[in-house]
Amino acid sequence: VANFIWLGLNLLSIAAIIFMTVRTINQHQNNSENQLGAWIMATVIIGNPFTTHVVWMGQTSLMAFAATMAAWFFSDRKKWLLAGICLGLASFKPQMCVLLGFWFLLERNWKTLAVSLITVGIMSIYPMILYGGPVGMLAAWNQGILDSYNSLIFNTPGFQDKVGMESLLASVGLKLPAIKILGVILTALLWVFRNRINREDVLALLMGISFTFVGYTHVYDYVGLFPILTSLWLYSCNNRKALLSSMGLVFLLFFPRRIFLAAGLPFLVHWRTIVVLI
């Protein structure tokens with residue numbers, strides 16, 4: 001029963017992501033263009049290898065990203081209550097939504113942040129009772145990160161499933177855990193120059209920064225890159241050169257890693273981090 005429920009939640013997340021993506025495309029293209037764009041993005045969202053990976057593993061990335069995307073989607077439409085609830089729901093995977101929360105803080109979006117905190121508080125009732133309050137809960141969470149999460153080789157920077165600049169650098173022997181701070185700095189700079197950036201690109205840029213610098217993400221978490229692919233489509237649908245370069249980047253993003261491993265080229269397994277950076 002749990003398997004079917006979990007599968008249903010993942011499929012519902014895919015449907016929600018497609019709905020919000022199509023609405024975004026429809027807002028920025030005319031009727032003849034958005035039909036093609038909507039079909040292309042729906043196909044990519046359903047058929048890409050990362051979505052398959054998440055659903056097959058029973059992972060949480062699709063749910064966390066759907067909630068993160070919904071927080072931006074509703075906030076952009078001045079629905080702060082729904083945005084706050086969705087941001088609070090996404091917080092169970094903080095590496096996916098932390099920069100969006102920081103963006104709301106920079107925007108002084110207090111209502112959304114307040115609702116988000118209330119949602120987080122409600123979700124945390126059981127562990128707070130179990131560990132004797134918020135301090136005990138956070139201490140237990142931090143200890144779990146140190147004793148369990150970081151002790152697994154799958155979560156070690158440099159491992160082939162870990163993505164981001166920290167993991168890329170670790171794979172060549174450079175350890176720079178402080179690079180996470182760069183994600184916060186870049187988000188602040190993005191906010192400073194927000195008037196020079198198309199509004200629909202903000203979430204794409206925040207997700208790109210998250211996956212490149214924040215860390216704690218794996219290959220299957222790349223389902224969070226759909227806003228980048230949407231922005232690429234909006235820029236390239238009427239520009240053949242941009243379309244060809246975007247198709248090349250998407251091809252490299254989806255290219256099977258096992259081919260590099262079979263060819264004895266393990267040093268290339270972190271190529272996707274460079275693709276996302278580009």
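Each residue takes its place number in the sequence, starting with 1.
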Hey, what do you get for CD1 (Ile122) to CG (Leu117), rounding to the nearest 0.5 Å? 11.5 Å
Do Cys86 and Phe74 have side-chain heavy atoms sitting under 4.5 Å apart? yes
Same cluster or not: are Trp80 and Val202 linked, directly or through other Ile, Leu, Val, Met, Phe, Trp or Tyr residues, by side-chain heavy atoms under 4.5 angstrom apart? no
Could you tell me whether Lys111 atom NZ has more than 12 heavy atoms of other residues or ligands within 6.0 Å of it? no
CH2 (Trp191) with more than 12 external heavy atoms under 6.0 Å: yes
Would you say Ile25 and Met41 make side-chain contact, with heavy atoms under 4.5 Å? yes
Do other residues, nucleotides or ligands put more than 12 heavy atoms under 6.0 Å from the CZ atom of Phe92? yes
If we only count heavy atoms from C-beta on, is the Leu176 to Glu166 side-chain gap below 4.5 Å? no
Could you check whether atom CD1 of Ile197 has more than 12 heavy atoms from other residues, nucleotides or ligands sitting under 6.0 Å from it? yes
Is Thr51 reaching over with its side chain to a backbone N or O of Ile45, donor-acceptor style, under 3.5 angstrom? yes
Close side-chain approach of Met96 to Thr68, heavy-atom, < 4.5 Å: yes
Just wondering, more than 12 heavy atoms not from Ile259 lying within 6.0 Å of its CD1? yes
Relative to each other, are the rings of Trp56 and His53 parallel, tilted or perpendicular (30° and 60° limits)? tilted
Could you report the tightest heavy-atom contact between Thr187 and Gly183, atom names first, then the distance? OG1-O, 2.8 Å
For the pair Phe211 and Tyr222, name the ring-plane relationship: parallel under 30°, tilted 30 to 60°, perpendicular over 60°. tilted
Spell out, yes or no, whether Leu169 and Val214 are grouped together once hydrophobic residues are joined by side-chain heavy atoms under 4.5 Å, including indirect joins. yes
Indicate the atoms forming the closest heavy-atom contact of Gly215 with Gln95, along with that distance. O-CB, 3.7 Å
Between Ser13 and Asn10, is there a side-chain donor-acceptor contact under 3.5 Å, judged purely by atom types and distance? no
Lys241 backbone acceptor or donor facing Asn239 side chain under 3.5 Å: yes
Within the side chain of Asn155, is there an N or O that forms a donor-acceptor pair under 3.5 Å with the backbone of Leu152? no
Can you tell me how far CD1 of Ile40 sits from OG1 of Thr230, rounded to the nearest 0.5 angstrom? 11.5 Å
Mark yes or no for whether Ser91, through its side chain, and Gly88, through its backbone, hold a donor-acceptor pair below 3.5 Å. yes
Trace of the side-chain contact (heavy atoms from CB on, under 4.5 Å) decision for Tyr220 with Asp161: CA-CA 8 Å; Tyr220 50 79; Asp161 285 332; over 6 Å; no
Whether His270 side chain and Gly158 backbone form a donor-acceptor pair below 3.5 Å: yes
Test side-chain contact (heavy atoms from CB on, under 4.5 Å) on Phe226 and Phe65; report intermediate values, then the result. CA-CA 9 Å; Phe226 295 142; Phe65 173 65; 3.9 Å; yes
Distance-minimising heavy-atom pair for Trp233 and Gly37: NE1-CA, 3.2 Å
Atom pair CZ (Arg108) and CG (Leu105), whose distance is rounded to the nearest 0.5 Å: 9.0 Å
Taking all non-hydrogen atoms of both residues, which atom of Ile228 and which atom of Ala204 are closest, and how far apart? CG1-O, 3.3 Å
Let's go through Asn109 and Ser75 carefully: what are the C-alpha distance in whole Å and the side-chain angles of both, what is the deciding distance for side-chain contact (heavy atoms from CB on, under 4.5 Å) to 0.1 Å, and is it a yes or a no? CA-CA 9 Å; Asn109 196 339; Ser75 174; 3.3 Å; yes
Determine whether Trp103 and Val98 make a side-chain contact, defined as any pair of heavy atoms from C-beta on separated by less than 4.5 Å. no
May I ask you to decide if the ring planes of Phe255 and Phe260 are parallel, tilted or perpendicular, using 30° and 60° as cut-offs? tilted
Nearest heavy-atom neighbours spanning Ile274 and Leu168: CD1-CD2, 3.6 Å
Measure from NZ or CZ of Lys79 to the centre of the six-membered ring of Phe73 and say whether it is under 6.0 Å with the direction within 45° of the ring axis. no
Using a cut-off of 6.0 Å, state whether more than 12 heavy atoms not belonging to Met123 lie near its atom CE. yes
Ignoring hydrogens, what is the shortest heavy-atom contact between Gly164 and Thr273? Give both atom names and the distance. N-OG1, 3.0 Å
Side-chain touch Phe50/Leu225, heavy atoms, less than 4.5 angstrom: no
Does atom CZ of Arg199 have more than 12 heavy-atom neighbours, drawn from other residues, nucleotides or ligands, at distances under 6.0 Å? yes
Expected output: side-chain Ser245 to main-chain Ala242 donor-acceptor under 3.5 Å: yes
Non-hydrogen side-chain atoms of Leu243 and Cys237 separated by less than 4.5 Å: no
Rounded to the nearest 0.5 Å, how far apart are OH of Tyr131 and CE of Met137? 10.5 Å
With a 4.5 Å heavy-atom cut-off, do Asn142 and Leu138 have their side chains touching? no
So if I apply the salt bridge (charged side-chain N to carboxylate O under 4.0 Å, His left out) rule between Asp221 and each of Arg272, Lys162, Lys93, which one comes out positive? Lys93
Is there a donor-acceptor pair under 3.5 Å between the side chain of Thr212 and the backbone N or O of Gly208? yes
Ile278 and Phe251: same hydrophobic cluster, using ILVMFWY side-chain contacts below 4.5 Å? yes
Is there a path of hydrophobic side-chain contacts, each under 4.5 Å between heavy atoms of I, L, V, M, F, W or Y residues, that connects Leu87 with Leu106? yes
Crowded around Tyr216 OH? As in, over 12 foreign heavy atoms under 6.0 Å? no
When you check the gap from the basic side-chain N to the acidic O, do Asp76 and Arg23 get nearer than 4.0 Å? no
Separation of Leu100 CG from Met69 CE (nearest 0.5 Å): 11.5 Å
To the nearest 0.5 Å, what is the distance between CD1 (Ile46) and CG (Leu11)? 9.5 Å
Could you state whether Leu89 and Met207 fall into the same hydrophobic cluster, counting links through intermediate Ile, Leu, Val, Met, Phe, Trp or Tyr residues with side-chain heavy atoms under 4.5 angstrom apart? no
Dump the intermediate steps for side-chain contact (heavy atoms from CB on, under 4.5 Å) on Phe254 and Val44, then the final yes or no. CA-CA 10 Å; Phe254 293 160; Val44 170; 4.0 Å; yes
